[in-house]
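Below, chains carry the letters A, B, ... as their sequence lines are ordered, and counting in each starts from 1. Just so we're clear, the structure is a prediction, and the values are computed from it rather than from any experiment.
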Number of protein chains: 2
Amino acid sequence: MLNYSTSEENYIKTIFHLQVDNDTVTTNALAHELLTRPASVTDMMKKLKTKKLVQYQPYKGFRLNMEGKKVALSIIRRHRLWEFFLSEKLKFDWDEIHDVAEELEHVSSRKLVDKLDEFLGYPKFDPHGDPIPDVHGKMENFQRVSLSALPFNTLAEVCLVSNQSSGMLEVLRHKNIAIGTKLEVKKKFGFDNSLEIKIRQQAPVTISEQLAKNIFVKYGS
Amino acid sequence: MLNYSTSEENYIKTIFHLQVDNDTVTTNALAHELLTRPASVTDMMKKLKTKKLVQYQPYKGFRLNMEGKKVALSIIRRHRLWEFFLSEKLKFDWDEIHDVAEELEHVSSRKLVDKLDEFLGYPKFDPHGDPIPDVHGKMENFQRVSLSALPFNTLAEVCLVSNQSSGMLEVLRHKNIAIGTKLEVKKKFGFDNSLEIKIRQQAPVTISEQLAKNIFVKYGS
DNA sequence: ATATTTTTTTAGATTTGTCTAAATTTTAAT
DNA sequence: ATTAAAATTTAGACAAATCTAAAAAAATAT
């Protein structure tokens, strides 16, 4: 895999994110996302086309080809590994990690990234719950977040409980929640951040913020 | 402190290194060091002068002013902290860390650097034995390396013994070496990498490679 | 002290990535 | 099916960082 400039990498990564389900990406959408001008996007698309990373016909939009996706995944891998590092090792707050990772992701040493991955213990999800691509670009195709970060009315499945104390297990049993339980969050009570959740064919139950933070669920395509 | 481009930072850092003892740095010397052309150096010096980081009179060479030195120290701080991280945490070999650190040093988030410093335990020397500037730009003014990395005929003082086993202490006592002992390395026997060392007013003694690697000395202005 | 060599600077060009304004193509509306 | 609006591309310009070749200044040698 060749090396690409920071600017090229930002375009590639952003096309990847916009191109969910292989939709064609438009010039305006990309310009808007990158806080730049449509004319600049056109210029860059010509370049990425000659570098054989995108399919592009003037006026017809563009999409990453196989090689482009491979490059995108390696950038996303770097970004999410650095996010994990910043959060887990350097104790950054969630809302501070993105911008720093945005810079670190462009340091392209392959060996650095793979050794960082090893050092971190080959994490599968970053602190936002997004899956981290492995060395080969493979990753889980769902999000994993704590129940307190799950969007409303989104069906999700319990996959992890981070606090294994007997008190925790007791309340889980009482609420009828176990690994594999499918549920969705219906409502949040701002007063104490407790959540009303709905398990299929059961009456809604309320869960404390503390409990919600320790239950991890997976969702998404 | 403002932000500077990668290129500007490389110039600033290199001037700092060339400018030992406040010597004036010449255009050719800097061009040679940065693998660039004298004309490019002149261009950049004009820029750094308008940014008030260097003193510069055409044809008269240049040197960093106070602000320039402050910036240089912060770049060197980042570089050496990353070198320490790469070596200590990611287990890179000594000869692989420089180039990667050269890239990482340009990620300029102040918070990142300070949290990294904390995570690493506020190390005072990088893996090459060079001192790491602290948050305020202060650092030790000597090198600290293992005896096996000490240049020949350089007076140095033992300041640390990394292996505290009784066997180690026994051989040290036998060779008359303790914290504070002043010595220099005279010769290296390539066959087994043993070293001949000279302690003042004593006959030379020979030290095994293994022992030398565990004795750390400080030297330099 | 003058000539020669070396160093440094200037002038003008190049590359990358960006921009604005105008032209072109596509899409939507009547 | 035209026309109007929106999206996209082209043309030409600019800033940063670099380069080569030529000019100017400083250092050195005779």
Side-chain angles (χ1 to χ4, degrees), chain A residues 1-16 18-19 23-64 68 71-72 75 102-103 105-108, chain B residues 1-16 18-19 23-64 68 71-72 75 102-103 105-108:
Chain A
M1 188 143 42
L2 298 174
N3 275 328
Y4 299 99
S5 72
T6 294
S7 189
E8 288 168 337
E9 289 193 345
N10 283 331
Y11 276 91
I12 295 164
K13 186 183 58 166
T14 306
I15 295 171
F16 185 93
L18 290 177
Q19 178 189 318
D23 279 4
T24 281
V25 177
T26 67
T27 304
N28 266 1
L30 188 48
H32 182 259
E33 201 66 22
L34 288 168
L35 304 177
T36 185
R37 297 292 169 181
S40 311
V41 171
T42 301
D43 288 345
M44 183 59 92
M45 286 314 107
K46 287 184 194 160
K47 185 146 72 123
L48 294 183
K49 187 184 183 180
T50 71
K51 295 198 176 186
K52 299 197 196 307
L53 296 173
V54 298
Q55 288 174 247
Y56 166 59
Q57 291 301 116
Y59 295 102
K60 302 294 182 189
F62 31 81
R63 59 170 51 138
L64 295 175
V71 175
I75 300 163
E102 203 76 2
E103 287 199 62
E105 76 187 4
H106 300 296
V107 177
S108 59
Chain B
M1 186 142 45
L2 298 173
N3 275 326
Y4 300 100
S5 72
T6 294
S7 188
E8 287 169 336
E9 288 194 344
N10 283 331
Y11 276 90
I12 294 164
K13 185 184 59 168
T14 306
I15 296 170
F16 185 92
L18 290 177
Q19 178 189 317
D23 279 3
T24 281
V25 178
T26 66
T27 303
N28 265 359
L30 188 48
H32 182 259
E33 200 67 22
L34 288 168
L35 305 177
T36 185
R37 297 292 170 181
S40 310
V41 171
T42 301
D43 289 346
M44 184 59 92
M45 286 313 108
K46 287 184 195 160
K47 185 148 68 125
L48 294 183
K49 186 185 183 180
T50 71
K51 295 198 176 187
K52 298 199 197 308
L53 296 172
V54 298
Q55 289 174 247
Y56 166 59
Q57 291 301 115
Y59 295 104
K60 301 295 183 187
F62 31 80
R63 60 169 52 137
L64 296 174
V71 175
I75 300 163
E102 203 76 4
E103 287 198 64
E105 75 187 5
H106 299 297
V107 177
S108 59

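You'll find that the side chain of Lys60(A) is closest to dT26(C), out of dT20(C), dT26(C), dT18(C). Checking dA11(C), dT18(D), dT10(D) against every side-chain atom of Asp43(B), the shortest atom distance belongs to dT18(D). Residue Tyr56(A) places its side chain closer to dT9(D) than to any other of dA24(D), dT9(D), dC19(D). Set against dT18(C), dT9(C), dT25(C), the side chain of Tyr59(A) has dT25(C) as its closest nucleotide.
Between the NE2 atom of His32(B) and the P atom of dT8(C) there is a distance of 13 Å, given to the nearest Å. The interatomic distance linking Leu34(B) (CG) with dC19(D) (P) rounds to 10 Å, in whole Å. Distance NE2 (His106(A)) to C1' (dT16(C)): 16 Å, rounded to an integer number of Å. Atom pair Met44(A):CE and dT10(D):C1' shows a separation of 18 Å (rounding to whole Å applied). Atom pair Met45(A):CE and dT8(D):C1' shows a separation of 13 Å (rounding to whole Å applied). dT16(C) atom P lies 16 Å from atom CD of Glu9(A), rounded to whole Å. For Phe62(B) and dT9(C), the CZ to P distance is 7 Å, given to the nearest whole Å. Tyr11(A) has its OH atom 15 Å from the P atom of dT16(C), to the nearest Å.
Between Ser7(A) and the phosphate of dT18(C), there is a side-chain N or O to OP1/OP2 separation shorter than 4.0 Å. An OP1 or OP2 oxygen of dT10(D) is reached within less than 4.0 angstrom by no side-chain nitrogen or oxygen of Thr42(A). For the pair Thr27(A) and dT9(D), the criterion of a side-chain N or O lying under 4.0 Å from OP1 or OP2 is met. Proximity of Asn28(A) to the phosphate of dA6(D): no side-chain N or O atom is located under 4.0 Å from OP1 or OP2. Here Lys46(A) does not reach the OP1 or OP2 of dT9(D): none of its side-chain N or O atoms lies under 4.0 Å away. Within the structure, every side-chain polar atom (N or O) of Thr26(A) is placed at least 4.0 Å from both OP1 and OP2 of dA7(D). The phosphate of dC19(D) has OP1 or OP2 within less than 4.0 Å of a side-chain N or O from Ser40(B). Side-chain nitrogen and oxygen atoms of Arg37(B) include none within less than 4.0 Å of the OP1 or OP2 phosphate oxygen of dT18(D).
When the shell of 6.0 Å around CZ of Arg37(A) is examined, it contains 12 or fewer heavy atoms from other residues, nucleotides or ligands.
Closest heavy-atom contact between Pro38(A) and Thr27(A): O-CG2, 3.5 Å.
If you run side chain to side chain contact (heavy atoms under 4.5 Å, CB included) between Leu48(A) and each of Tyr56(A), Phe62(A), Tyr11(A), Tyr4(A), only Tyr11(A) comes through. Considering Glu105(A), Glu33(A), Glu8(A) in turn, Glu105(A) is the only one that fulfils the salt bridge (charged side-chain N to carboxylate O under 4.0 Å, His left out) rule with Lys13(A).
Residue Pro58(B) is in sugar-phosphate contact alone, with no base atom involved, counting any heavy-atom pair closer than 4.0 Å across all strands shown.
When atom types are taken as modelled, the side chain of Gln19(A) and the backbone of Leu64(A) share a donor-acceptor pair closer than 3.5 angstrom.
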